[in-house]
Amino acid sequence: MSKKLISIYLALVCAIAAYAQEPADTLRPVVEIEFRDTVSTAFLDTVTIDNSLHLNDYSMIGVNYGIGRAQTTFNPPKTQGSLTIPAYYGITFTKYGKFFGYMPYFGLQVGFFKGTDGYVFKPNDDGEYNVTVDGATKVVYDFIEVPIVAQFHIDSHNFKIIADGGMYAGYRYKIHREGNFRYPDLMDDFTDYEYKWDYGFKVAAGVGLVFSPIELHFKLNMRYGLGDIYKPDYADKEYYRFGTPFDLILTVGLHFQLSKRSGKTKSQIKEQARRIVYEEEK
(Lines give C-alpha, C1' and ligand atoms only; values in the text may rest on other atoms or scores of the structure.)
Protein backbone atom coordinates (compact mmCIF):
# COMPACT_ATOMS: atom_id res chain seq x y z
CA MET A 1 0.00 0.00 0.00
CA SER A 2 2.82 2.39 0.79
CA LYS A 3 4.41 1.72 -2.61
CA LYS A 4 1.16 2.72 -4.34
CA LEU A 5 0.99 5.97 -2.34
CA ILE A 6 4.58 6.78 -3.18
CA SER A 7 3.94 6.09 -6.84
CA ILE A 8 0.81 8.29 -6.86
CA TYR A 9 2.70 11.10 -5.04
CA LEU A 10 5.60 11.04 -7.53
CA ALA A 11 3.17 11.05 -10.42
CA LEU A 12 1.37 14.10 -9.05
CA VAL A 13 4.67 15.98 -8.45
CA CYS A 14 5.82 15.28 -12.00
CA ALA A 15 2.47 16.37 -13.40
CA ILE A 16 2.50 19.64 -11.42
CA ALA A 17 6.08 20.40 -12.46
CA ALA A 18 5.30 19.73 -16.09
CA TYR A 19 2.17 21.92 -15.94
CA ALA A 20 4.02 24.76 -14.24
CA GLN A 21 6.88 24.67 -16.77
CA GLU A 22 4.66 24.72 -19.78
CA PRO A 23 3.08 28.23 -19.32
CA ALA A 24 6.49 29.81 -18.65
CA ASP A 25 7.88 28.38 -21.90
CA THR A 26 4.85 29.46 -23.85
CA LEU A 27 4.29 32.92 -22.29
CA ARG A 28 7.82 34.33 -22.59
CA PRO A 29 7.83 34.67 -26.38
CA VAL A 30 4.35 36.20 -26.28
CA VAL A 31 5.47 38.92 -23.84
CA GLU A 32 8.54 39.75 -25.94
CA ILE A 33 6.48 39.94 -29.12
CA GLU A 34 3.91 42.22 -27.51
CA PHE A 35 6.66 44.57 -26.19
CA ARG A 36 8.38 44.76 -29.56
CA ASP A 37 5.09 45.44 -31.31
CA THR A 38 4.06 48.14 -28.83
CA VAL A 39 7.36 50.13 -28.45
CA SER A 40 9.45 49.46 -31.53
CA THR A 41 12.69 51.19 -32.45
CA ALA A 42 10.94 52.97 -35.30
CA PHE A 43 8.32 54.28 -32.88
CA LEU A 44 10.96 55.63 -30.49
CA ASP A 45 12.69 57.39 -33.38
CA THR A 46 9.51 59.27 -34.17
CA VAL A 47 8.89 60.51 -30.59
CA THR A 48 9.54 64.28 -30.21
CA ILE A 49 9.47 66.34 -27.02
CA ASP A 50 8.40 69.99 -27.26
CA ASN A 51 11.14 71.84 -25.37
CA SER A 52 10.40 75.30 -26.80
CA LEU A 53 9.62 78.27 -24.58
CA HIS A 54 6.00 79.45 -24.60
CA LEU A 55 5.80 82.88 -22.95
CA ASN A 56 2.80 84.11 -21.03
CA ASP A 57 1.59 87.69 -20.79
CA TYR A 58 3.43 88.35 -17.53
CA SER A 59 4.48 91.44 -15.56
CA MET A 60 7.46 92.44 -13.40
CA ILE A 61 8.52 95.07 -10.91
CA GLY A 62 12.18 96.02 -10.74
CA VAL A 63 14.78 98.11 -8.92
CA ASN A 64 17.56 99.66 -11.01
CA TYR A 65 20.92 101.31 -10.40
CA GLY A 66 23.38 102.86 -12.83
CA ILE A 67 26.39 105.11 -13.43
CA GLY A 68 27.36 107.00 -16.54
CA ARG A 69 28.56 110.10 -18.35
CA ALA A 70 26.67 113.34 -18.96
CA GLN A 71 27.17 116.07 -21.52
CA THR A 72 25.10 118.90 -22.93
CA THR A 73 24.69 119.48 -26.65
CA PHE A 74 25.36 123.18 -27.18
CA ASN A 75 24.60 125.28 -30.24
CA PRO A 76 26.87 127.13 -30.93
CA PRO A 77 29.18 124.25 -29.93
CA LYS A 78 31.29 124.48 -26.78
CA THR A 79 34.37 122.39 -25.96
CA GLN A 80 33.52 120.26 -22.95
CA GLY A 81 34.42 117.12 -21.10
CA SER A 82 32.28 114.32 -19.70
CA LEU A 83 30.60 114.78 -16.37
CA THR A 84 30.40 111.63 -14.25
CA ILE A 85 26.93 110.49 -13.21
CA PRO A 86 27.64 108.89 -9.82
CA ALA A 87 24.18 107.45 -9.25
CA TYR A 88 21.08 106.90 -11.35
CA TYR A 89 18.43 104.74 -9.70
CA GLY A 90 14.73 104.03 -9.70
CA ILE A 91 11.92 101.51 -9.98
CA THR A 92 10.13 100.13 -13.03
CA PHE A 93 6.98 98.22 -13.82
CA THR A 94 7.01 96.08 -16.97
CA LYS A 95 4.05 94.42 -18.65
CA TYR A 96 4.67 91.91 -21.45
CA GLY A 97 2.06 90.95 -24.02
CA LYS A 98 1.61 89.39 -27.44
CA PHE A 99 1.49 91.54 -30.56
CA PHE A 100 -1.54 90.58 -32.67
CA GLY A 101 -2.22 87.89 -30.08
CA TYR A 102 0.66 85.56 -31.01
CA MET A 103 3.99 87.47 -31.16
CA PRO A 104 5.41 87.48 -27.58
CA TYR A 105 8.19 90.00 -28.24
CA PHE A 106 6.78 93.25 -26.92
CA GLY A 107 6.11 94.99 -23.65
CA LEU A 108 5.52 98.36 -22.02
CA GLN A 109 7.68 99.73 -19.21
CA VAL A 110 6.97 102.67 -16.89
CA GLY A 111 9.46 103.93 -14.33
CA PHE A 112 10.40 106.55 -11.80
CA PHE A 113 14.08 107.56 -11.59
CA LYS A 114 16.38 109.98 -9.80
CA GLY A 115 19.74 111.06 -11.17
CA THR A 116 22.19 113.83 -12.07
CA ASP A 117 23.41 115.39 -15.29
CA GLY A 118 24.90 118.67 -16.50
CA TYR A 119 28.13 119.77 -18.16
CA VAL A 120 31.76 120.65 -17.49
CA PHE A 121 34.13 122.60 -19.74
CA LYS A 122 37.77 121.82 -20.49
CA PRO A 123 40.48 124.34 -19.64
CA ASN A 124 43.20 125.21 -22.14
CA ASP A 125 46.88 124.46 -21.67
CA ASP A 126 47.25 127.50 -19.43
CA GLY A 127 44.47 126.31 -17.14
CA GLU A 128 42.07 128.98 -18.33
CA TYR A 129 38.58 128.46 -19.71
CA ASN A 130 37.84 129.75 -23.19
CA VAL A 131 34.12 128.91 -22.91
CA THR A 132 31.70 129.21 -20.00
CA VAL A 133 28.00 129.73 -19.41
CA ASP A 134 27.83 133.13 -17.76
CA GLY A 135 31.15 132.41 -16.06
CA ALA A 136 30.20 128.93 -14.77
CA THR A 137 32.65 126.21 -15.83
CA LYS A 138 30.69 123.31 -14.34
CA VAL A 139 26.98 122.86 -13.69
CA VAL A 140 25.34 119.82 -12.07
CA TYR A 141 21.58 119.22 -12.00
CA ASP A 142 19.68 116.80 -9.77
CA PHE A 143 16.54 115.58 -11.49
CA ILE A 144 13.66 113.15 -11.32
CA GLU A 145 12.12 111.57 -14.40
CA VAL A 146 9.27 109.33 -15.51
CA PRO A 147 10.12 107.27 -18.62
CA ILE A 148 7.53 105.39 -20.67
CA VAL A 149 9.15 103.04 -23.19
CA ALA A 150 8.18 100.15 -25.42
CA GLN A 151 10.38 97.11 -24.90
CA PHE A 152 11.30 94.57 -27.56
CA HIS A 153 12.63 91.27 -26.24
CA ILE A 154 13.76 87.91 -27.60
CA ASP A 155 13.77 85.14 -24.98
CA SER A 156 15.29 81.74 -24.39
CA HIS A 157 14.85 79.74 -21.19
CA ASN A 158 17.50 81.61 -19.16
CA PHE A 159 18.53 84.49 -21.42
CA LYS A 160 16.94 87.43 -23.21
CA ILE A 161 17.92 90.28 -25.53
CA ILE A 162 16.33 93.66 -24.75
CA ALA A 163 15.81 96.89 -26.68
CA ASP A 164 13.86 99.89 -25.34
CA GLY A 165 12.57 103.02 -27.01
CA GLY A 166 10.28 105.79 -25.83
CA MET A 167 9.95 109.17 -24.13
CA TYR A 168 10.68 110.62 -20.73
CA ALA A 169 9.53 113.65 -18.77
CA GLY A 170 11.77 115.11 -16.09
CA TYR A 171 12.11 117.89 -13.57
CA ARG A 172 15.35 119.53 -12.39
CA TYR A 173 14.90 120.35 -8.72
CA LYS A 174 18.47 121.22 -7.70
CA ILE A 175 21.48 122.94 -9.27
CA HIS A 176 25.12 123.53 -8.30
CA ARG A 177 27.66 125.63 -10.22
CA GLU A 178 31.42 126.04 -10.11
CA GLY A 179 33.46 128.90 -11.52
CA ASN A 180 32.96 132.65 -11.55
CA PHE A 181 29.23 132.70 -12.19
CA ARG A 182 27.76 136.08 -13.08
CA TYR A 183 25.28 135.89 -10.19
CA PRO A 184 27.16 134.63 -7.09
CA ASP A 185 23.96 134.50 -5.03
CA LEU A 186 22.55 131.93 -7.47
CA MET A 187 25.42 129.42 -7.41
CA ASP A 188 22.98 126.88 -5.92
CA ASP A 189 19.72 128.22 -7.27
CA PHE A 190 18.03 128.62 -10.64
CA THR A 191 17.92 131.89 -12.53
CA ASP A 192 14.71 133.15 -14.09
CA TYR A 193 15.94 132.19 -17.58
CA GLU A 194 16.72 128.55 -16.80
CA TYR A 195 14.19 125.79 -17.39
CA LYS A 196 13.45 123.19 -14.74
CA TRP A 197 11.21 120.95 -16.83
CA ASP A 198 12.82 118.50 -19.22
CA TYR A 199 11.63 115.96 -21.79
CA GLY A 200 13.10 113.88 -24.58
CA PHE A 201 13.90 110.45 -25.99
CA LYS A 202 15.13 107.48 -24.01
CA VAL A 203 16.49 104.33 -25.69
CA ALA A 204 18.38 101.34 -24.33
CA ALA A 205 19.83 97.99 -25.36
CA GLY A 206 21.04 95.09 -23.28
CA VAL A 207 20.69 91.51 -22.11
CA GLY A 208 18.93 89.71 -19.30
CA LEU A 209 19.63 86.61 -17.21
CA VAL A 210 16.46 84.79 -16.20
CA PHE A 211 16.11 82.55 -13.15
CA SER A 212 12.36 82.66 -12.59
CA PRO A 213 10.90 84.36 -10.66
CA ILE A 214 13.95 86.71 -10.80
CA GLU A 215 15.47 88.46 -13.82
CA LEU A 216 18.74 90.42 -13.92
CA HIS A 217 18.94 93.02 -16.71
CA PHE A 218 22.07 94.83 -17.93
CA LYS A 219 21.45 97.82 -20.22
CA LEU A 220 23.15 100.78 -21.84
CA ASN A 221 20.73 103.72 -21.72
CA MET A 222 20.77 106.96 -23.70
CA ARG A 223 18.84 110.07 -22.65
CA TYR A 224 18.55 112.73 -25.33
CA GLY A 225 16.77 115.88 -24.27
CA LEU A 226 14.48 117.84 -26.54
CA GLY A 227 13.92 120.69 -24.10
CA ASP A 228 16.50 123.45 -23.58
CA ILE A 229 18.24 124.08 -20.28
CA TYR A 230 17.71 127.84 -20.63
CA LYS A 231 15.73 130.29 -22.73
CA PRO A 232 17.45 130.50 -26.14
CA ASP A 233 17.13 134.29 -26.31
CA TYR A 234 17.96 135.16 -22.70
CA ALA A 235 21.27 136.89 -23.62
CA ASP A 236 20.42 138.23 -27.06
CA LYS A 237 17.00 138.48 -28.72
CA GLU A 238 18.57 137.95 -32.14
CA TYR A 239 21.43 135.55 -31.33
CA TYR A 240 19.93 132.35 -29.93
CA ARG A 241 21.79 129.85 -27.78
CA PHE A 242 20.64 126.26 -27.26
CA GLY A 243 21.61 123.54 -24.80
CA THR A 244 20.03 120.09 -24.41
CA PRO A 245 21.04 117.11 -22.21
CA PHE A 246 22.76 114.04 -23.63
CA ASP A 247 23.53 111.20 -21.18
CA LEU A 248 24.87 107.65 -21.47
CA ILE A 249 24.15 105.41 -18.48
CA LEU A 250 24.97 101.77 -17.69
CA THR A 251 22.31 100.19 -15.48
CA VAL A 252 21.67 96.89 -13.77
CA GLY A 253 18.13 95.97 -12.80
CA LEU A 254 16.80 93.30 -10.46
CA HIS A 255 13.28 92.38 -11.56
CA PHE A 256 10.72 90.19 -9.81
CA GLN A 257 8.09 88.39 -11.87
CA LEU A 258 4.57 89.06 -10.60
CA SER A 259 3.05 86.21 -12.63
CA LYS A 260 4.29 83.05 -14.32
CA ARG A 261 6.67 83.66 -17.23
CA SER A 262 5.86 80.38 -18.99
CA GLY A 263 3.62 77.36 -18.54
CA LYS A 264 0.03 77.31 -17.36
CA THR A 265 -0.99 79.85 -14.79
CA LYS A 266 -3.28 79.11 -11.84
CA SER A 267 -6.23 80.68 -13.64
CA GLN A 268 -5.58 78.57 -16.73
CA ILE A 269 -5.40 75.38 -14.65
CA LYS A 270 -8.66 76.27 -12.89
CA GLU A 271 -10.33 76.98 -16.23
CA GLN A 272 -9.12 73.65 -17.63
CA ALA A 273 -10.43 71.81 -14.56
CA ARG A 274 -13.77 73.58 -14.82
CA ARG A 275 -14.17 72.54 -18.46
CA ILE A 276 -13.30 68.93 -17.66
CA VAL A 277 -15.86 68.80 -14.85
CA TYR A 278 -18.63 70.38 -16.93
CA GLU A 279 -17.91 68.15 -19.94
CA GLU A 280 -18.06 65.05 -17.73
CA GLU A 281 -21.37 66.19 -16.29
CA LYS A 282 -22.81 66.52 -19.80
For [X], does the [atom1] atom have more than 12 heavy-atom neighbours from other residues, nucleotides or ligands under 6.0 Å away?
X	atom1	value
N180	CG	no
L226	CG	yes
K114	NZ	yes
F93	CZ	yes
F190	CZ	yes

Candidate pair D134 and Y234, rule side-chain hydrogen bond (donor to acceptor under 3.5 Å, both in side chains), full reasoning = CA-CA 11 Å; D134 297 329; Y234 81 90; 3.0 Å; yes
Could you walk me through whether F106 and F152 pass the ring-ring contact (aromatic ring centres under 6.0 Å, His included) test, one step at a time?
-> CA-CA 5 Å; F106 301 93; F152 175 78; 5.6 Å; yes
Would you say N56's side chain and Y58's backbone share a donor-acceptor pair under 3.5 angstrom?
->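 No: the side chain of N56 does not pair with the backbone of Y58.
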Mind running side-chain contact (heavy atoms from CB on, under 4.5 Å) on Q80 and K122 for me, showing each step along the way?
-> CA-CA 5 Å; Q80 60 181 306; K122 288 183 177 180; 5.8 Å; no
Tell me, with the steps shown, if F74 and V133 meet side-chain contact (heavy atoms from CB on, under 4.5 Å).
-> CA-CA 11 Å; F74 288 102; V133 174; 4.2 Å; yes
What closest approach, in Å, do V149 and L108 show between heavy atoms, and which atom pair accounts for it?
-> O-CD1, 3.4 Å
Please tell me if the side chains of [X] and [Y] come closer than 4.5 Å, counting only heavy atoms from C-beta onward.
X	Y	answer
K160	V210	yes
T92	V110	no
P86	I67	no
F159	L209	yes
Y119	I229	yes
H255	V63	no
I175	V139	yes

What I want to find out is whether [X] reaches [Y] closely enough, with some N-O distance under 4.0 Å, to be called a salt bridge.
X	Y	value
K219	D164	yes
K231	E194	no
E145	K202	yes
D188	R177	no

State, without any angle test, whether Y141 and D198 hold a side-chain donor-acceptor pair at a distance under 3.5 Å.
->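 No, because no side-chain N or O of Y141 sits under 3.5 Å from a partner of the opposite role on D198.
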Taking atom types as modelled, find out whether Q257 and E215 have a side-chain donor-acceptor pair closer than 3.5 angstrom.
-> yes
Candidate list W197, F113, F112, F143, test ring-ring contact (aromatic ring centres under 6.0 Å, His included), partner Y171, passing option =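 Of W197, F113, F112, F143, ring-ring contact (aromatic ring centres under 6.0 Å, His included) with Y171 is met by W197 alone.
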If the plane angle is over 60° it's perpendicular, under 30° parallel, otherwise tilted; pick one for Y65 and Y89.
->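 Parallel, since the angle between the ring planes stays under 30°.
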With rounding to the nearest 0.5 Å, note down the distance linking OG in S259 to NZ in K95.
->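 Answer rounded to 0.5 Å: 5.5 Å.
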Under a single-linkage definition using a 4.5 Å side-chain heavy-atom cutoff for Ile, Leu, Val, Met, Phe, Trp and Tyr, are Y173 and V146 assigned to the same hydrophobic cluster?
-> yes
Can you give me every donor-acceptor pair (side chain of residues 238-252, partner residue at least two apart or in another chain, under 3.5 Å) with its distance?
unit_1, atom_1, unit_2, atom_2, d
D247, OD2, R223, NH1, 2.5
T251, OG1, N221, ND2, 2.9

Begin from the C-alpha positions of M60 and Y96 and carry the test side-chain contact (heavy atoms from CB on, under 4.5 Å) through to its verdict.
-> CA-CA 9 Å; M60 302 184 301; Y96 290 131; 3.7 Å; yes
Take E178 and T137, measure what side-chain hydrogen bond (donor to acceptor under 3.5 Å, both in side chains) needs, and give me the verdict at the end.
-> CA-CA 6 Å; E178 295 181 7; T137 58; 5.6 Å; no
